[in-house]
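Structure first, then comments.
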Amino acid sequence: MSAVRLSGDTHPLTYRIQPDLKPLDLKAYEALDGYAALRKTIKELQPGDVTKLVKDANLRGRGGAGFPAGVKWSLVPMGADAPKNKYLVCNADEMEPGTFKDRLLMESVPHQLVESMIIAAYAIQARRGYIFLRGEYIVAAQNLNRAIDEAKAAGYLGNKVCGGDWGFELFVHTGAGRYICGEETALINSLEGRRANPRAKPPFPQIAGLWGKPTVVNNVETLSNVAHIVLRGASWFQGLNQGKSKDAGTKLYGVSGRVKNPGCWELPMGTTAREILEVHGGGMKDGLKLKCWLPGGASTDFLLPEHLDLAMDFDTIARAQSRMGTGLLTVVDDKQNIVSVVRNLEDFFARESCGWCTPCRDGLPWTHKLLQALERGAGQTGDLEALEQMTRFLGPGKTFCAHAPGAMEPLQSALRFFRGEFEAGIAKSPSQVAA
Amino acid sequence: MSEPVIKLADLHKQSAAAAASTPAPFVMYADDRAAIEHEMHHYEDPRAASIEALKIVQKRYGWVPDAAIAEIGGLLGIPASDVEGVATFYNLIFRRPVGRHVIKVCDSISCFLTGYDDVRSAFSAKLGIQLGQTTADGRFTLLPICCLGACDKGPVLMIDDDTHGNIAPDKIDQLLERYK
């Protein structure tokens, strides 16, 4: 993080993070306005008021899809006729290759997530919540559990939250691997102790989710914003982007790959990719040039150096035929062969397919095999056309969930931008194919 | 340049050596049973504790023996086949013996771009094993893993519960010394 003293007005998500990244305990967190938003919620706000605030703030989902959080919440049945058991689940299964933002928030400001989850649960009147945390995040699990214990002891969790008549329990549920657990309905199956296959939608989880009960699933970064919106208001949140974007708030952006200063920073929504890469990331390492970049994870379309001046927000990046995704750039330098890079990405997607539906289960290993052949110069005439066919057969609408369509995004854009490199992998003679 | 693909058959073969030295039949420890029962109360349905139950057994044994599958099924009131379905789905649950320390090398895109291939080769050369295999002395198992969410420190790996970043292939000797 930067050495500059950050303020809660401009850097709500990260201003409490200490230089050594160690989490604040309850007392220290409370000294920095911690749990003020929760006390205000219980004392002054009705559940519907919280949802309205989040809607007015235009908080869009930070897990990659950008769905407005307040709209998601407003689909949950409320009132006397609503099911008694409702659930709030935090998607903390951060596993999108190239993404390392939620880890920072959970390891270094766990109370912020806990407080925000209690407020979000109040908005939908959930009685129980789970943080679905990937099994590899050992430190995050320790820090979150400690924060939950402290919050419980202070009366922020339990039968009477802040002494009111609403009660909420929160648990950390750790996973045991598999990227597909990040898919909302697969996550719910996993949380129920089943194989993480996605479910058919509708019904949407807000109506019938965990154990068939109304369930809201939100990403760590999305939820972490909630306490700040309650404390400082919707129009303050709208203004955080400094006019750079139609989307509100700050965003945790970052960059990895062969750059001088890889890292993750909280910046106004709509900051350009160029600023992220060149100012904060320090630019490419000496002797390397930028070849292309993934805007927000392995499942987003490649963009080129000419796209660097685009604002990193959901709509702008979508107009450039990609997706902002998680907002953490992965940059590919000019020393990399694009076929090897895409082969690596498809290796990941093929391995992580849950196997539930045929296009994904069979199409991804096939894609990987074609790319392996092209990589060693043993491709055959028609392989590029076969790959292009994959991008259609595994595209949106052909599969149960977004896993395979996501896998096709870097492939289709790489074929569009660097076709020559793929063609170079086609064997010149039959003997090369056999090898 | 092409990467070795791990085949199930290789996993079977390589675990034979480790299996030969497997001690004593499986018993569920009272502490572990209590931990699983405690976990069950966090959920509307005890089945939800299945993954945690498998992790509790694995923490004790290093892996999940066959007999544990039935025992967990009985405890949670679900068929053993369901427990097995879960155990074989999740990559952090081991259904075969592994070494005392498990090295999980991230092979996802950011680490691939910052030197994964060299790191993997260095481990293979040093330990004399490929991905998916265990050293003859039962000390290390080498596995690939997907993005560990520390991409700014690539190449990254985990050994047991510890995450290590900025791995230099020529420094892995010192790293391994910490895991006896």
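Values reported hereafter were calculated over all heavy atoms of this structure, with side chains retained and with hydrogens, waters and symmetry mates removed. Numbered from 1 within each chain, the chains take letters A, B, ... in sequence-line order.
- With a 4.5 Å cut-off on non-hydrogen atoms, A/V341 touches chain B through its backbone and its side chain both.
- Proximity to chain B involves both the backbone and the side chain of A/L191, based on heavy atoms less than 4.5 angstrom apart.
- The backbone N or O of A/F132 sits nowhere less than 3.5 Å from a side-chain atom of A/D93 that would complete a donor-acceptor pair.
- Between B/E71 and B/R33 a salt bridge is recorded (basic side-chain N to carboxylate O distance below 4.0 Å).
- Among A/E96, A/R128, A/K335, the residue making the largest number of heavy-atom pairs under 4.5 Å with chain B is A/R128.
- Taking the ring centre of A/Y137 as origin, the terminal cationic atom of A/R103 falls inside the region bounded by 6.0 Å and 45° from the ring axis.
- Ring planes of B/H101 and B/F140: tilted class, angle from 30 to 60°.
- Taking A/S256, A/A196, A/G257 one by one and counting their heavy-atom pairs under 4.5 Å with chain B, the maximum is reached by A/A196.
- Put simply, the side chain of B/I167 does not reach to within 4.5 Å of the side chain of B/V156, judged on heavy atoms.
- For a residue to count as touching a neighbouring chain, one of its non-hydrogen atoms must lie under 4.5 Å from one of that chain's; by this rule A/E192 touches chain B with the backbone only.
- Ion pairing between a basic and an acidic side chain is recognised when a charged N comes within 4.0 Å of a carboxylate O; A/D333 and A/R258 show such pairing.
- If you measure heavy-atom distances from B/E44 to chain A, the contacts under 4.5 Å come from both the backbone and the side chain.
- No other option in B/I145, B/I93, B/D82 has as many heavy-atom pairs under 4.5 Å with chain A as B/I145.
- Comparing B/G85, B/C106, B/G115, B/S50 by heavy-atom pairs within less than 4.5 Å of chain A, the highest count is held by B/G85.
- Taking chain A as the reference chain and counting heavy-atom pairs below 4.5 Å, the highest number among B/I51, B/I109, B/V83 is found for B/I109.
- A/E136 has no carboxylate O lying under 4.0 Å from a charged side-chain N of B/K104, or vice versa, which leaves the two without a salt bridge.
- Proximity to chain B is limited to the side chain of A/I180, based on heavy atoms less than 4.5 angstrom apart.
- When A/G98, A/C354, A/G297 are compared by the number of non-hydrogen pairs under 4.5 Å with chain B, A/G98 comes out ahead.
- Every ring pair (Phe, Tyr, Trp, His ring centres under 6.0 Å) that A/Y87 has, sequence neighbours left out, goes to A/W211.
- Options A/K101, A/M95, A/H173, A/K285 differ in how many heavy-atom pairs under 4.5 Å they form with chain B, and the most are formed by A/H173.
- Contact annotation for A/T99: only backbone heavy atoms (N, CA, C, O) come within less than 4.5 Å of a heavy atom of chain B.
- Residue A/N337: no heavy atom, backbone or side chain, is found under 4.5 Å from chain B.
- The most heavy-atom pairs under 4.5 Å with chain B, out of A/G177, A/G355, A/G175, come from A/G177.
- Remark: the backbone N or O of A/S353 is not paired with any side-chain donor or acceptor of A/R361 at under 3.5 angstrom.
- Looking at A/D102 and A/R134, no side-chain N of the basic residue comes within less than 4.0 Å of a carboxylate O on the acidic one, giving no salt bridge.
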